[in-house]
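A quick note: this is a predicted structure, and the numbers were derived from the prediction, not measured.
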Amino acid sequence: MMYLTKSVAALLLWYVINTEAFYLPGLAPVNYCRRGESDTCKSEVLLYVNRLNTEESVIPYEYNHFDFCQSADYTKSPVENLGQVVFGERIRPSPYKLEFMKNMTCEQVCVKKYSGDDPKDNRLLSILRKGISLNYQHHWIVDNMPVTSCYETEETKQFCTTGFQMGCYSRDGRDTCFRTPEKGNAYYIYNHVDLTITYHSGEQEEWGNQFKSNGGRIISVKVVPRSINHKGGLNCSPQNTETLQFPAKSLGPKEKYEITYSYSVTFIQNNAVKWSSRWDYILESMPHTNIQWFSILNSLVIVLFLSGMVAMIMLRTLHKDIARYNQIDSGEDAQEEFGWKLVHGDVFRPPRKGMLLSVLLGSGVQVFCMTLVTLAFACLGFLSPANRGALMTCAMILYVLLGSPAGYVSARIYKSFGGEKWKSNVLLTSMLSPGIVFGLFFIMNLVLWSKGSSAAVPFSTLVGLLALWLLVSVPLTFVGAFFGFRKRALEHPVRTNQIPRLIPEQSIYTQPVPGIVMGGVLPFGCIFIQLFFILNSIWSSQMYYMFGFLFLVFIILVITCAETTILLCYFHLCAEDYHWWWRSYLTSGFTAVYLFLYCCHYFFTKLQIEDAASAFLYFGYTLIMVFLFNLLTGTIGFFACFWFIRKIYSVVKVD
C-alpha cells in the first residue's frame, strides 16, 4: 500500500512526500558543532518562519503578509507536502542568522521606516496593528522543532506553547501584555527576541567522537519576545524597560515611525535530556492534559460496560426467541407467529431510494478504511508531530486509493436491491460524496483567496487535487464496481412476499424519529472528550499526539455504533416494523448531529471569533467534518444491522 501510495504521488509531481530529513517521520538527528570543527556536522543553525495564526480568527497569514524583516534568500523555501499546503503552512527561511555555540547579544536584523506621507506605509502599519489586535502568533522552526514560548503557571509549573505573540495591546479593559508593563490604551510591537537554544553535548557520546564538547544536538529552542525602544542605538539589556509603542491610528502628514528588529541568542548545555526525548517538555505542558487522562479512561470504562450490557441482553433475549420459534414450528399445535419472525416475508424488501443508500454506504466504507489505516499509521509513529502535514497527506492519498472498496460495496448493495442502473450507481459513488466535500472546500477556498490568507490553496494545487480525484479515484471506483456487479446478487435467508405487510400503529418509543435521535447519544458519549483535544489541535494550534487513545476510542465508537443500532433494530422488528434499511444508517449516523452541536458549543464558548468570514469558514469546515463522520458512523450501523438480521433469520425455521 505504501509503495502504491508513493507511486501515485510520484506521477502527480506536486504530491511527492518530501524525502529530506526535515520531513521524515523517522527523522535522523542532526549534529551541530562550532564552525570549522568537523566536516561531519553543521555549524549554521537554520531558523524557519511559518504562517501566523490566532484563536480569534480562522484566517492564517503568511509571514510576508506582515511587514517583518525578510530573508535575502526568501525563495529558497523547503518544499511543503500536500497536507501542509491544505492546512495553510508556509515554511520560509528567516533573516535571523544563528551559528552553533556562538552566543550573540543585540544583533540587528533590519530597520523598518514608515512615513505618514506614504499611503502604502499607513496600509502596512494598519495590517500590523490588526495582527496585534487579533493576537496573531509567530510559529518558528529550528532543527524541525517548534520554537516555544514558556512561562510559569500558578502551580509553579512550566507551560510551553508552540508560538509567540507578534505584539500586544492594552485597551477597552483588556490586556494581552503579560510581558510588557501596561501603559493605558496602547499597542506594542515585539521587535526583539531572546532565543535560548539548549543542546545535548557530544562529549561523552559515541556520535560525538569527531567534535567532543565542541558540538552536540539541539533539544529545545525557547523564545522570550520583548518590546524595546532602540532610540539612540541598540540597547537590549534587561535594564532597558522602555517599550516601543505602536501607533494606534494612521500616521498623519510628515509623521515618522521606525521599528528596529533585533535578537539575542544564548546556547545552554543540558545532557540530562536526550535527543529522543526532546518533544516531551512540549507534550507534558499541554493544557488540561493530565486532568483529561482520568476522564478519558472513565469514559472508556463506562462505554465498555454499557456495550457489554447491550451485548448480554441481546444474546440472552435472542437465544430465547430463536429457541421458542423453533419449538413452535416443531410442535403439533399450530400457533400464530408473533414478534420479529412475523415480518420475515418483508424484512428484505428493497428500501425506497435504494440507489442513494448504496452510494452513501460505498462512500462510508471508503471513509472507514481511510480512518482505520490512518490511525494505525499514526499509532506506529509515522504521523508524529515532527512529520508536519503527514496526517492530512496520508488521509487524502488513502481516500483516493480506496475508491475500489467504495465501488465494490456500492455495486453489491445496489444489486441486492434489484437495481439495474449500474452506470448511475458508479457515477454517483465516485462523484457524490467527493463532490460535496470538494464543493464545500472550494467555497471556503474562495473566501480565503479573497482575504489573502496563506490557507488559500493555490490554483495549481486545486488542479492537482482534481487530477487525484478524476484520474485516480474515479477509475478505481469503476474497477471496484465492475467486480461488484459481476458477482451474484446477495441471497437472503428468507423470501420476500409479493404483497407488503401492513405495519401496525407504533408507540412513541418505536417510531422512527425518537429511535434515531436516541441512537446517536451513546456513540457520541465515547468521543466527546477526544473531540475537545481534536478541535483544539485544529483551531487553537495545539499539538495532537494521543493517537493511541484515539485509536482505542475509534474501536469503542465502532462497537458502540454497531450494538446501539442492533438493539434499536431488534426493538423495531419486534414491533413488526420492517423498514430497517434507512433507519439503521440514520440511527448511528445521527451521532454526526451531536458532533455538529458540540462544534457549535465549542465555537461560542472556547473561541473568540467575531468576524463573519471566520465564522463562515469555521462552520464550512465543520460541515465537511460532520458529513464525513455521518458517512462513517451510518455505514458502521447499517452493516452491523445487516449482519444481525441475516444472522437471526437464517437460524429460524420459516415455512
Tell me the closest heavy-atom pair linking L631 and S433, and the distance in Å.
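Nearest heavy atoms, L631 then S433: CD1-OG, 3.8 Å.
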Checklist entry - Which atoms form the tightest heavy-atom contact between S584 and W581, and what is the distance? => result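 The answer is OG-O, 2.8 Å.
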[X]/[Y] aromatic ring centres below 6.0 Å:
X	Y	value
Y618	W539	yes
F590	Y594	yes
F638	W582	no

Legend entry - Y621: partners by ring-ring contact (aromatic ring centres under 6.0 Å, His included), with sequence neighbours left out: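 ring-ring contact (aromatic ring centres under 6.0 Å, His included) list for Y621, sorted by chain: empty.
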Taken in chain and number order and not counting sequence neighbours, the residues that satisfy ring-ring contact (aromatic ring centres under 6.0 Å, His included) with F619 are F603
Judged by atom type as modelled, is there a donor-acceptor pair below 3.5 Å linking the side chain of [X] to the main-chain atoms of [Y]?
X	Y	answer
N630	G589	yes
S453	A455	yes
Y408	V479	no
Q530	I527	no

Can you find a heavy atom in the side chain of [X] that is under 4.5 Å from one in the side chain of [Y]?
X	Y	value
L465	M396	yes
F554	F368	yes
I534	L550	yes

(Q) side-chain contact (heavy atoms from CB on, under 4.5 Å) for M444 and F616? Distances and angles first, verdict last. (A) CA-CA 8 Å; M444 302 299 110; F616 180 78; 3.6 Å; yes
task: For S57 and S614, test the side chains for any donor-to-acceptor distance below 3.5 angstrom and give the result as yes or no.
output: yes
For a quick check under 3.5 Å, do N53 and Y61 share a side-chain donor-acceptor pair by atom type?
no
Roughly how far, to the nearest 0.5 Å, is the CD1 atom of I555 from the CG atom of L372?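 Nearest 0.5 Å value for the CG-CD1 distance: 6.5 Å.
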Write out all pairs satisfying salt bridge (Lys or Arg N to Asp or Glu O under 4.0 Å) with one or both partners inside residues 347-361, taking only residues at least two apart or from two chains.
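The answer is D346-R349.
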Within 45 degrees of the ring normal and closer than 6.0 Å to the centroid, is that where the cationic atom of R646 sits relative to F642?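 Yes - R646 lies over the ring of F642, closer than 6.0 Å to its centre and within 45° of its axis.
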